[in-house]
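What follows is a short report on a single structure.
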There are 2 protein chains.
Amino acid sequence: MQPKPVETTSDSVRVGILDAAEARFRIYGLNKTTMAEIAHDMDMSASNLYRYFKNKQDIAAACACRCIDTQTDLLRGVVRTPGLSAAEKLERCALEMLRYTWETAHDQPRINELVNHVILEHRDMVHHKVQESCSLLAEVLAQGNESGEFEVADVVKTAETVHAALKMFHVPIFMSLYAHEVLMLRARDVVALLISGLRGRDHEPSQ
Amino acid sequence: MQPKPVETTSDSVRVGILDAAEARFRIYGLNKTTMAEIAHDMDMSASNLYRYFKNKQDIAAACACRCIDTQTDLLRGVVRTPGLSAAEKLERCALEMLRYTWETAHDQPRINELVNHVILEHRDMVHHKVQESCSLLAEVLAQGNESGEFEVADVVKTAETVHAALKMFHVPIFMSLYAHEVLMLRARDVVALLISGLRGRDHEPSQ
DNA sequence: ATACTGAATATTTTATTGAATATTCACTGC
DNA sequence: GCAGTGAATATTCAATAAAATATTCAGTAT
């Protein structure tokens, strides 16, 4: 009477394959990692990998998905931290996200390249990630409304607005264009200006 | 006693070459345009082009520079329009820039690709363009301060902050990720939120 | 000296092909 | 049926040579 083992065996193999693949992708990148190598790490034949994944692209996509989830988890961690004001959470969200994006872009260029590549054929993954981020931001805005810090009419729409204004700090391309310090200061400033706006009485989302 | 003709001849040839090159770049792109073709359009030999430009990359760079200047001119047009409030100018700046970026990305993909390529080896061009944009935004903020619409302590720094928050709408990559309408609405919302913040009394730039 | 050219040379792009890798499939042991 | 394999086939990569193009240069005309 185990609790929901469902497909324990098959699933754990899948996870194992992803772990092995990710480890190699990190070091050698997607193109320089062969199915044979991943299979060898798992003590199986290359052909057997196809029992768990449709093809190599699918393994890459699943890896990218896990990376993106890590980002969302990070945000969730901040948003669900007890004892922080909404304004503090908003700032931490922006700065944590920036830190993570920066570090990934610099310390794990291979994985970053992998994610960028996968995203090209899975636009929906980006939209899903953005939506999750916005949901979390909406939570913060709602908290701000309750505590009286903010006065936001439409938390969902405004979350999207805030997310758009912070886009620059989420996107790897900009990481190589500016120094880390500059980005941190800039992010702080943008958040401060946004918070100032969220307090305002007269902000009306269009339509 | 002409007024400053300086290098009239040589300069007009340079402009002619750039016009010819740009026309071909627009249609065929940088790589599929040869020096021989540009030279033929100008009724000269390919080797003679080198009297006016160091090499092909330089012609491309000069073309990219002209495109970027067009953008800045657009912004300047909005900022120097008489009879608009600072808030109206800010919104028009954002929307005009978005419209231009969108149209360029969609109608002139070759030129866009050219600019992106050139930017890689001339980072300074980006920074210069950003600085010019920020100067113009700073003008608007200063106007807002004078008219009482805004209360901005450091117009230069805040201009950079506003520019960062609007980054998403200036950068071609995002143009293919969202529908034009969505971007327009989102830009409007971001500007509205920023304006609301610029009115606030308590916004302090960090450091 | 300035504006220019055609021929010579250097560099880049393109095409080709053999090798490496991805993917499929018929088959084995449980 | 499920988990797995090795051999066969399809696709992609990488090295190379050939062709196209960029760049230089010696020289002409004004």
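Heavy atoms only: backbone and side chains are in, while hydrogens, waters and symmetry mates are out. In what follows, every chain begins at residue 1, and chains take the letters A, B, ... in the order their sequences are listed.
The residue among A:Asn31 and A:Ser45 whose nearest nucleotide of DNA chain D is located toward the 5' end is A:Ser45. Nearest-nucleotide positions on DNA chain C place B:Ala46 closer to the 5' end than the other of B:Ala46 and A:Glu37.
Counting to the nearest Å, the P atom of D:dT23 and the CG atom of B:Asn48 are 15 Å from each other. Look at NZ on B:Lys54: it is 9 Å from P on D:dT23, rounded to the nearest Å. When the C1' atom of C:dT11 is taken as reference, atom CD of B:Gln57 falls 13 Å away, rounded to whole Å. For the pair A:His40 NE2 and D:dG6 P, the computed distance is 12 Å after rounding to whole Å. As rounded to whole Å, 14 Å separates atom C1' of D:dC13 from atom CG of A:Leu30. One interatomic measurement links the two molecules: CG of A:Leu49 to P of C:dT21, which rounds to 15 Å at whole-angstrom precision. When the P atom of C:dT21 is taken as reference, atom CD1 of A:Ile59 falls 16 Å away, rounded to whole Å. Distance B:Tyr28 OH to C:dT13 C1': 19 Å, rounded to the nearest Å.
Comparing atom distances between the A:Thr34 side chain and each of D:dT5, C:dT5, C:dA22 picks out C:dA22 as nearest. The side chain of A:Met35 lies closest to C:dT23, out of D:dT23, C:dT23, C:dA3. Comparing atom distances between the A:Asn55 side chain and each of C:dA3, D:dT23, C:dT23 picks out C:dT23 as nearest. Distances from the side chain of A:Lys32 to the nucleotides D:dG4, C:dC25, D:dA14 place D:dA14 closest. Ranking C:dC25, D:dA22, D:dA3 by closeness to the A:Ser47 side chain, first place goes to C:dC25. The side chain of A:Arg51 sits closest to D:dA3 out of C:dA3, D:dA22, D:dA3.
To the nearest 0.5 angstrom, A:Ser45 atom OG is 10.5 Å from A:Tyr50 atom OH.
Taking only side-chain nitrogens and oxygens, A:Tyr50 never comes nearer than 4.0 Å to OP1 or OP2 of C:dC25. Regarding contacts with the backbone of C:dT2, every side-chain N or O of B:Tyr52 stays at 4.0 angstrom or more from both OP1 and OP2.
Remark: A:Arg110 pairs with no residue by the side chain to side chain donor-acceptor pair (under 3.5 Å) rule, at least two apart or across chains.
Atom CD of B:Glu121 has more than 12 neighbouring heavy atoms from other residues, nucleotides or ligands inside a 6.0 Å radius. The environment of CZ in B:Arg92 is sparse: at most 12 heavy-atom neighbours from other residues, nucleotides or ligands sit within 6.0 Å.
Taking the charged nitrogens against the carboxylate oxygens, A:Asp73 and A:Arg76 do have a contact shorter than 4.0 Å, which makes a salt bridge.
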